[in-house]
Amino acid sequence: MNDLQHSEPVCRKLAAWWDANARDLPWRFGRATPWGVLVSEVMSQQTQMSRVVPYWETWMRAWPDAAALADATTAEVITAWGRLGYPRRALRLQECARVVRDRYADELPRTYDGLIGLPGIGDYTASAVLSFAFGERIAVIDTNIRRVLSRVFRGAESLGGAATLAERDLANRVLPTDAARSVTWNQSVMELGATVCTAKNPLCDECPVRDDCTFLAAGRPGLGERRTRPRQRFAGTDRQVRGLVLNALRNLPADETVLTRAQVESLWADHIQLDKCVASLDEDGLIEMLPGGGVRLPR
DNA sequence: ATCCCGATCA
DNA sequence: TGATCCGGAT
């Protein structure tokens, strides 16, 4: 069976659906530079787009290009990252900006190897930038695309952690040959996965490719089957404690830069865990520990 | 409780 | 290959 023959009507329907339904995100439709697209992709890693939009707009006004971000202080960058979560992404994004400025003359590399060599840029983000910012023909593979392609063309749920070889093969087989169409394909499949073909409760009645979907035709076997291992709970974890410390630092009055030991201790009752988290934040470069037990954002 | 347009380290 | 890293929303 040739998946490519099946993908052509799906591609046409998704393209029409994309034209009518694509969310009007500020980095789409040619309104952002390649650097702006990269920033949007990094901010979107494990984070909903609706939360990203206001941060991206403020961020790009402050630092429109890699060189501008490279010149910022780390404290400014961490503060601007706000409550987006996973703040190490902010550090890596600034490292990335410095590499782009210093090694690539402030111009983002246009190859997969060049992009994936940048700090904080993995397979998904490198592929997404190549496709969405540069219009290159490359299969973008994230959890949404894996889920949609697996359902439509294989009739089964996408399970497990990393993308399997079979999933990568499928993504490459169904990718339209024409570069411009491949970009719309990547974006529309991803958008469908984010808004219609969702993991738990897909809106098959509203789906533009419901007549072509192997999964729907088969009666949606295994819908809701757990795709990932149960995630670590948030309450009480190091992640929560780290977040509390960083948030306290972000919210210091404008004329203060240091959180005293007493202020740190007031954040969390378990001082063993607290000290462990403070040390790990320091190792990550997200804070600096001071001799008296106080902490501050890096200069 | 589970899901988000993942990357990195061990 | 598995564990870790944030936070908001459903």
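Here the structure is a predicted model, which means the values were calculated and not measured. A note on names: the letters A, B, ... follow the listed sequences, proteins ahead of strands, and every chain is numbered from 1.
Side-chain contact, A/Thr79 with A/Glu76: no donor N or O sits under 3.5 Å from an acceptor N or O. Side-chain contact of A/Gln45 with A/Thr125: a donor-acceptor pair under 3.5 Å is present, judged by distance alone.
A straight line from CD1 of A/Ile121 to P of B/dT8 spans 8 Å, rounded to a whole angstrom. In this structure, the CZ atom of A/Arg92 is 16 Å from the P atom of B/dG6, given to the nearest Å. The nearest whole Å value for the distance from the CG atom in A/Leu93 to the C1' atom in B/dG6 is 14 Å. Across the protein-nucleic acid pair, A/Trp81 atom CH2 and C/dG8 atom P stand 14 Å apart, rounded to whole Å. For A/Arg89 and B/dT8, the CZ to C1' distance is 13 Å, given to the nearest whole Å.
Heavy-atom contacts from other residues, nucleotides or ligands closer than 6.0 Å to CZ of A/Arg181 number 12 or fewer.
Evaluation of atom-type donor-acceptor distances gives a pair under 3.5 Å for the side chain of A/Gln48 against the base of C/dG7.
In terms of phosphate contacts, A/Thr143 brings no side-chain nitrogen or oxygen within less than 4.0 Å of OP1 or OP2 of B/dC3. Contact check, A/Arg242 against C/dC6: a side-chain N or O comes under 4.0 Å of OP1 or OP2.
In terms of modelled atom types and a separation under 3.5 Å, the side chain of A/Arg88 and the main chain of A/Asp284 share no donor-acceptor contact.
Nucleotides B/dA7 and C/dG8 have their P atoms positioned 22 Å apart, rounded to a whole Å.
The nucleotide whose nearest atom lies closest to any side-chain atom of A/Arg51 is, among B/dC4, B/dG6, C/dG8, C/dG8. Residue A/Arg83 places its side chain closer to C/dG8 than to any other of C/dC5, C/dG8, B/dG6. Residue A/Arg239 has its side chain nearest to C/dG7 when only C/dG7, B/dC3, B/dG6 are considered.
Backbone-only engagement by A/Asp123 is indicated by non-hydrogen atom pairs under 4.0 Å involving sugar-phosphate atoms exclusively.
A 3.5 Å limit on both hydrogen-bonding distances identifies B/dA1 as the Watson-Crick or G-U partner of C/dT10.
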